[in-house]
Amino acid sequence: MTIDFWGLGLQAVNVLILVWLLSRLFWRPVAAAIATRQDTALTLINTAKATQAKADAALAEVTQTRADISSERTAVLVAARKEAEAATSATLADAQAKADALLAAAKTEIATETETARKANAAQATDLSLDIATRLLGQLNSPTVQAAFLSQLLLSIAEMPAADRAALKTDPNGVRIATPTDPGAEKAVMEKTIRDSLGDVALHFVTDPDLIAGVELRSAHFVLHNSWQADLSQVRKAVKHAA
Amino acid sequence: MNSPLSSIILFQIGPVPITQAVLITWGIMAVLVIGSALLTRHLALVPDKRQAMIELIVTTMDTQIRETTGTEPAPYRSFIGTLFLFILVANWSSLIPGLEPPTSKLETDAALAVLVFVSVVWFGVRGAGVGGYLRSFAAPNVAMIPLNMLESITRVFSMFVRLFGNVMSGVFVIGIVASLAGLLVPIPLMALDLLTGLVQAYIFAVLAMVFISATVEDGQPDPAPSLQKKVP
Amino acid sequence: MDYLSLASIVCAAFAVAFGAIGPALAEGRAVAAAMDAIARQPEAANTISRTLFVGLAMIETTAIYCLVIALLLLFANPLLG
């Protein structure tokens, strides 16, 4: 049994070269490829995990936002409803108040109008009654009545304060005796009677049919009313005042 | 009949005789290098069939190394894997008519065994330092030093003879049978030879890995690995 | 043919013959144990058969050693010169 040492050495070198070449050409590249794939897969998985986490966070955020929006919407709705209710109630109250005011104004107006109407009615009635009274009293005009008025005038003159009597007397034009009709024959009697009670003054007669009946003394500054007309106007004044 | 123990010298380059085995080894080297260069030409991130196949080879090799040594396969992958691939291809090269496997010759197997011996020293020194490598002879105790030194020689000699005997006997038996009845009869023996070639390549690689890892572990200053080794 | 070469041939035959007995028995035992193990644990059949093949190859190596010795005696007998 002989071993060829040249062959042994050659084969050893051959196998060593083969080991080196295959290590360069086969084992390392393939192992590097596997390692690269593993690294890439790991990176991918990590990235995917990160992305997943991000997506989860985004989803949570979106959900949160949606819930916020929903609650906000609810709040807005509630606020709007409250506002609307408040506005409605305010409007209602306003309208109510306005209506009340209108009603009150209307009532007042009605009352005023009623009052006015009533007053007008009263005034009309007063006028009417006074017209009636004037007409009636005009028919009642008679010497008796004139005599009664004359005596009444005398009484008034007698009760007159001194200042008034002086004011009546001092008129330079004299005192006018107003009668509804021309007294005629009575003129002298009346003149005498008045002069007796009043003193010495210039007297002249005027006719005033408006008096209806009665005798009045008129000067520039003073009138001594003593007639139906004066009575009626007094009554009218009183009625108007009462109304 | 030619002696299976002798080699046929084809020609000489200077003083160096080139035997048939050396020539076939060159051919195998060329096939392996060109084939791997072609296979690993376009390595992509997403593997196609070709890349999946070669990655399967590498992954299987890594798994075997990891199961045998319990460490990361990266430092040993090139040496052990190339050893396995070369022996496998060399064993199966007997299928091509007219070729004799280089591993059926004494020189090739002796060279492989010497490489394993050197690699044990290399990896032992690299993994545990010179002191660690020398200390690995004293495992499990100092009395074992002569036996361990003897064993480090005999175990590679055993690998050498095992590989040589198996491959050579297969070739030899097939040659005898083929000389008796050339047609169809050698086929079962050739099939057995294929199986033997695969198993021998596997055994050779695994044994080399076991020797290397045992030396590296025994050389570690931490006594824990050797203690762990005693447990089973 | 002298006695030395005759003895070498006879011894080579004996070496192969008796060297095959031990591995044969051992391989039989190994295969039987493996079958037993596979019958007990069919799910571990892959591991068991892989280990079995490796073990058989190791056992077979013993017979191969004998064959190598026989071939040495026949083709490269150092005593025959």
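Heavy-atom basis, side chains included; hydrogens, waters and symmetry copies ignored. Convention: sequence-line order gives letters A, B, ...; per-chain numbering from 1.
For the pair Arg37(A)/Glu55(B), a side-chain contact is recorded, criterion being any heavy-atom separation below 4.5 Å from C-beta on. Between Leu25(A) and Leu32(B), the closest side-chain pair of non-hydrogen atoms is not below 4.5 Å. With a 4.5 Å cut-off on side-chain heavy atoms, Val58(B) and Phe26(A) count as touching. Contact of the Trp26(B) side chain with the Ile17(A) side chain is not registered, since no non-hydrogen atoms from C-beta on lie closer than 4.5 Å. With contacts defined as side-chain heavy-atom distances shorter than 4.5 Å, the pair Trp27(A)/Met61(B) qualifies.
When the shell of 6.0 Å around CZ of Arg24(A) is examined, it contains 12 or fewer heavy atoms from other residues, nucleotides or ligands. Taking a 6.0 Å sphere around CZ of Arg135(A), one finds it holds 12 or fewer heavy atoms contributed by other residues, nucleotides or ligands. Annotation: Glu83(A), atom CD; neighbour count of heavy atoms from other residues, nucleotides and ligands within 6.0 Å does not exceed 12.
With a threshold of 4.5 angstrom between heavy atoms, Ala74(B) does not approach chain A through any atom at all. Both the backbone and the side chain of Thr36(A) come within less than 4.5 Å of a heavy atom in chain B. With a 4.5 angstrom heavy-atom cutoff, Ile54(B) touches chain A via backbone and side-chain atoms both. Interface residue Leu85(B): only side-chain heavy atoms are found under 4.5 Å from chain A. Contact of Leu18(A) with chain B is made through backbone and side chain together, with heavy-atom distances under 4.5 Å. Interface remark: Thr108(B) contributes backbone and side-chain atoms alike to the contact with chain A (heavy atom separation under 4.5 Å).
Interface remark: of the candidates Leu16(A), Asn14(A), Ile34(A), Thr40(A), Asn14(A) forms the most heavy-atom pairs closer than 4.5 Å to chain B. Interface check for chain A: of the options Thr19(B), Val118(B), Leu115(B), the most heavy-atom pairs under 4.5 Å are formed by Leu115(B). Here Val19(A) is the residue among Leu10(A), Val15(A), Val19(A), Val13(A) with the most heavy-atom pairs under 4.5 Å with chain B. With respect to chain A, the highest number of heavy-atom pairs below 4.5 Å among Ala21(B), Pro15(B), Pro73(B), Gly81(B) belongs to Gly81(B).
Just one residue in the list Leu112(B), Leu106(B), Thr25(B), Asp109(B) forms a side-chain contact (heavy atoms from CB on, under 4.5 Å) with Gln11(A), and that residue is Thr25(B).
Counting only distance, with no hydrogens or angles, the side chain of Ser36(B) and the backbone of Leu22(A) share no donor-acceptor pair below 3.5 Å.
The minimum heavy-atom distance linking Ser23(A) with Ser78(B) is given by the pair CB-OG, 3.3 Å.
Here the OG1 atom belonging to Thr82(B) is positioned 12.5 Å from the CH2 atom belonging to Trp20(A), to the nearest 0.5 angstrom.
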